[in-house]
Amino acid sequence: MIKVIRQWTSKVILIALMLIAIEVPPMAVNFALRYSKTNQLIVDGFMALFIGLMLAIIWWAHRTYEAYNQLGQPAGIKVGWIIGGYLAIILGMDVLSYLNQLIYHQTETANNAALGSMLGHNEVITIVFCFSAVVLSPIAEEFIFRGTLTNMFFKRGNIWPKVILSGIVFSTGHMSTNPISFLIYAYMGMVLAYVYLRTDDIRNSIAIHMINNAIAMYVLVVQVI
């Protein structure tokens, strides 16, 4: 019993450390924004640091994912699941966003507002941040919230506990100001987890995440530029 408690405790601590780590790179962006109009060299340095931190997190998360992987070798890209998963996310999030606006009068989540505030101030910051949002962040977050988290807790056949846990923890990493905005990201995380667990290939959830972020970033960039 004590051994089991220690194992669970170590797993919880590891996930907590990953949640903290994924919040560190944006700090470099915030520092870069302070010099966005005055010193381009400092901006470039902070953005290089940002990319380096993201790559380090991806490396760490990938190694941890491989250590806990219950699904074996990737089963292959499933285009139908990618399209279906993305459509499910769009439909569900549209409904939840409508409720968020209707009940809490919010036209966008606090997380999207924060992302938008980082764009349009400096060309290098905007380009690097968009690249990270579309490529690096989906890879890092899928290895953490799907690849590591879903394999670390519960047995392989217990899909729904894994899906729910992934959604809840994923949403804690995004700013939420009310229950519906929290549910928006929890729902997205659960769909991504379901696709990953049903296809046995994390590349499918990564692809959905990339597509979703690419479209979201395009909308944000159009609004601020």
* Around Tyr35, counting heavy atoms of other residues, nucleotides and ligands shown, do more than 12 lie under 6.0 Å from its OH? ->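 Open: at most 12 neighbouring heavy atoms sit under 6.0 Å from OH of Tyr35.
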* Taking everything shown except Gln70 itself, do over 12 heavy atoms lie less than 6.0 Å from its CD? ->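 Result for CD/Gln70: enclosed.
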Locate the shortest heavy-atom distance separating [X] from [Y]; write the atom from each residue and the value.
X	Y	value
Ile139	Val135	CG1-O, 3.2 Å
Lys37	His121	NZ-O, 2.9 Å
Asn122	Val124	OD1-N, 2.9 Å
Met190	Val163	CG-O, 3.1 Å
Ala61	Thr148	O-OG1, 3.6 Å
Asn151	Gly147	ND2-O, 2.5 Å

* Asked: Taking only residues two or more places apart in sequence, or in another chain, which ones meet Arg63 in a side-chain contact (heavy atoms from CB on, under 4.5 Å)?
  -> Trp59
* **Verdict with supporting geometry, Phe182 and Ile168, side chain to side chain contact (heavy atoms under 4.5 Å, CB included)** => CA-CA 8 Å; Phe182 182 87; Ile168 292 173; 4.2 Å; yes
Within the distance-only criterion (no hydrogens, no angle test), does the side chain of [X] pair as donor or acceptor with the backbone N or O of [Y] below 3.5 angstrom?
X	Y	result
Ser205	Val195	no
Asn158	Pro161	no
Ser181	Thr177	yes
Asn213	Val134	no
Ser166	Ala193	no

* Asked: Given Trp60 and Phe143, is the ring pair (Phe, Tyr, Trp, His ring centres under 6.0 Å) satisfied, shown in steps?
  -> CA-CA 9 Å; Trp60 179 30; Phe143 278 135; over 10 Å; no
* To do: Apply side chain to side chain contact (heavy atoms under 4.5 Å, CB included) to His209 and Met188, showing your working.
  => CA-CA 9 Å; His209 203 151; Met188 178 182 175; 3.7 Å; yes
Would you give the length of the straight line joining atom [atom1] of [X] to atom [atom2] of [Y], rounded to the nearest 0.5 angstrom?
X	Y	atom1	atom2	value
Leu49	Asp44	CG	CG	12.5 Å
His62	Ile144	NE2	CD1	13.0 Å
Leu165	Phe145	CG	CZ	10.5 Å
Leu192	Ile202	CG	CD1	10.0 Å
Tyr196	Arg203	OH	CZ	11.5 Å
Gln73	Asn69	CD	CG	8.0 Å

* Honestly, is Arg146 close enough over Phe170, meaning NZ or CZ under 6.0 Å from the six-membered ring centre and within 45° of the axis? ->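 Positive - Arg146 is close enough to the ring of Phe170 and near enough to its axis.
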When clusters are formed by joining ILVMFWY residues with side-chain heavy atoms under 4.5 Å apart, either directly or through shared neighbours, do [X] and [Y] land in the same one?
X	Y	answer
Ile127	Met210	no
Leu53	Leu55	yes
Phe50	Ile42	yes

Under 3.5 Å donor-acceptor pairs involving side-chain atoms of residues 76-105, not counting sequence neighbours:
from: Ser97; atom 1: OG; to: Met93; atom 2: O; distance (Å): 2.7
from: Asn100; atom 1: OD1; to: Asn178; atom 2: ND2; distance (Å): 3.0
from: Asn100; atom 1: ND2; to: Gln106; atom 2: OE1; distance (Å): 3.3

* Asked: Is there a side-chain contact between Tyr65 and Glu142, using heavy atoms and a 4.5 Å cut-off?
  ->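 Sidechains of Glu142 and Tyr65: no contact.
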* Is the centre of the Phe153 ring less than 6.0 Å from the centre of the Trp8 ring? ->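 For Phe153 and Trp8, the ring centres are under 6.0 Å apart.
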Side-chain polar contacts of residues 11-31 - donor-acceptor pairs under 3.5 angstrom, sequence neighbours left out - could you list them?
from: Lys11; atom 1: NZ; to: Met152; atom 2: O; distance (Å): 3.0
from: Asn30; atom 1: ND2; to: Pro26; atom 2: O; distance (Å): 3.4

